[in-house]
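Beneath this line is the structure, given in structure tokens, with notes to follow.
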Amino acid sequence: FTQDRLDGNDNGLRNLSAWEQHQNQNLLVLIAVGTSRFRVKGCVDEGRRRPSTFHHDMAEVRYYKVTELLEHEPVRPPLEIRGRYDEHVLVQLSRVSPIPGFALRNVWPWRLVQDIKRRLENIRSLESIHKLVKSSSGVLSMEPMAFSFWLAAHMPLSINEKLKALRMESTVERLKFLLDMVETQEEVKTYVCCKQCYSPLADAGNVFTVGGAEGTTGAYVNEHGIIHQTMTIREIHDRLLWYQGSPETRDSWFPGYAWTIAYCRRCHAHLGWMFTIASDNIEDVSEDRPDRFWGLTQASITMHDKLLPATNGTSA
């Protein structure tokens, strides 16, 4: 969308409930933020070419029937003990409720959140997640349900693990699953590997959220309409990759960065892109916006908790 469309009478654009704006070469880039879970029931109107809402070109539009998946927030604790979830508080709660103390230790969502935060303090591979939790007042004040979705989006999980967490209809179940994932990170080292030849490309601890993004993995659409589920990684074993072409800022998913196509050096599979900060944005380098990072497509990588022998062939 060009800037003059925003300055016009496109009230629908102004009224979007969740969107983010970046200025890039006089283009307005909108990034929609999901605010609830839903299940697609089916397509109710097959794609036909119609005038687009924001410009005069024709676009193919499909309409789907969806059902919102509602989830009830857990009952909030009494005001006088909010923010205190230690053993003494659990004992006091067990005395005034029908739930025994040993059950509260395992299913009380606020206690599970505190357990996860404590674990994050001691796991080197999740240091970036721990820093985000400590530095963001918004994350620190999150209710258990919101925190469970935030953590699932930011942890270095495979796409199947993220989907598993998303499908869980209970906050407690989701938090217990994420606590198990955190403990797994503490016990074993996980690697991001090429899906074709199993070359170890990066430690899972280098997966991070780029400043302005909504998690470690996002769905990004290229100029041809192809959607790439892309995981962002801070550091990678660069000697295992080779690159094609020169850095290009046009259609970059991350404003201020130029992209270069990246391939696996061993099996030549397309892995994703290296993103390098543009020269005129070099002052903006920070911990969550480094001078370079990598975006690897979920279709091209796999997560393993042990190094597998690299091959030149293809995997099933």
Side-chain angles (χ1 to χ4, degrees), residues 124-126 128-129 152-167 177 180-182 184-185 187-210 213-254 257-276 290-316:
R124 184 175 179 82
S125 63
L126 297 178
S128 61
I129 307 294
H154 287 77
M155 272 192 67
L157 303 176
S158 69
I159 191 65
N160 288 332
E161 289 168 337
K162 288 179 182 288
L163 287 173
K164 183 176 181 180
L166 184 65
R167 291 190 182 106
F177 169 73
D180 288 342
M181 292 292 100
V182 169
T184 299
Q185 291 282 335
E187 295 168 1
V188 299
K189 193 171 185 177
T190 304
Y191 300 90
V192 180
C193 301
C194 172
K195 201 170 189 176
Q196 297 293 334
C197 68
Y198 302 116
S199 292
L201 305 172
D203 297 340
N206 285 316
V207 176
F208 82 117
T209 300
V210 180
E214 288 298 318
T216 58
T217 302
Y220 300 97
V221 186
N222 68 12
E223 60 179 334
H224 305 293
I226 299 174
I227 300 174
H228 293 282
Q229 289 280 347
T230 303
M231 175 184 286
T232 47
I233 300 177
R234 186 188 305 275
E235 295 290 343
I236 208 165
H237 302 317
D238 202 26
R239 59 184 175 78
L240 297 177
L241 277 68
W242 65 276
Y243 303 98
Q244 180 183 27
S246 302
E248 174 63 69
T249 56
R250 182 175 61 88
D251 298 323
S252 177
W253 295 326
F254 302 96
Y257 284 90
W259 52 269
T260 308
I261 302 174
Y263 296 88
C264 175
R265 186 176 292 277
R266 177 179 290 273
C267 69
H268 298 173
H270 172 239
L271 296 174
W273 303 265
M274 176 176 67
F275 291 90
T276 51
D291 58 353
R292 69 173 185 169
F293 65 91
W294 288 259
L296 305 185
T297 67
Q298 288 282 356
S300 68
I301 58 174
T302 184
M303 308 285 281
H304 283 291
D305 57 9
K306 59 181 178 180
L307 288 178
L308 299 175
T311 68
N312 288 318
T314 58
S315 61

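Values reported hereafter were calculated over all heavy atoms of this structure, with side chains retained and with hydrogens, waters and symmetry mates removed. These numbers were taken from a predicted model, which means no experiment stands behind them.
Screening residues 227-243 for side chain to side chain donor-acceptor pair (under 3.5 Å) gives D238-Y243, Y243-W294 as the qualifying pairs, with residues at least two apart or on separate chains.
In this structure, the side chains of I236 and F293 stay at 4.5 Å or more apart for every pair of heavy atoms. Here the side chains of Y257 and P290 are in contact, with some heavy-atom distance below 4.5 Å.
Here the OG1-CE distance, from T209 to M231, works out to 10.5 Å after rounding to the nearest 0.5 Å. Put simply, CE on M181 and CG on L157 are 7.0 Å apart, with the number rounded to the nearest 0.5 Å. Interatomic distance, T297 OG1 to K195 NZ, rounded to the nearest 0.5 Å: 9.0 Å. Atom OG1 in T217 sits 10.5 Å away from atom NE2 in H154 (nearest 0.5 Å). From C267, atom SG reaches atom OH of Y198 across 11.0 Å, with rounding to the nearest 0.5 Å.
Considering every non-hydrogen atom in both T260 and S246, the closest pair reads OG1-C, 4.2 Å. For the residue pair I233 and F208, the shortest heavy atom distance occurs at C-CE2, 3.6 Å. Nearest heavy atoms, V182 versus M155: CG2-SD, 3.8 Å. The two residues Q196 and A269 come nearest to each other via the heavy atoms CG-CB, 3.7 Å. Heavy-atom minimum distance, Q244 versus Y263: OE1-OH, 2.9 Å. Residues A204 and M303 come closest through the heavy atom pair CB-CE, 4.0 Å.
With sequence neighbours excluded, the residues that form a side-chain contact (heavy atoms from CB on, under 4.5 Å) with A258 are P247, T249, T276.
Taking the six-membered ring where tryptophan is involved, the planes of W253 and Y220 are essentially parallel, since the angle between them stays under 30° and well short of 60°.
Judged by distance alone, the side chain of H268 and the main-chain N or O of H270 form no donor-acceptor pair under 3.5 Å. Put simply, the side chain of S199 never gets that close to the backbone of C194: no donor and acceptor are under 3.5 Å apart.
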Legend entry - Derivation of the side-chain contact (heavy atoms from CB on, under 4.5 Å) call for L201 and Y191: CA-CA 7 Å; L201 305 172; Y191 300 90; over 6 Å; no
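With V192 as the fixed residue, the side-chain contact (heavy atoms from CB on, under 4.5 Å) test singles out one of T302, L271, V207: V207.
Remark: K164 NZ is loosely packed, at most 12 non-hydrogen atoms of other residues, nucleotides or ligands lying under 6.0 Å away.
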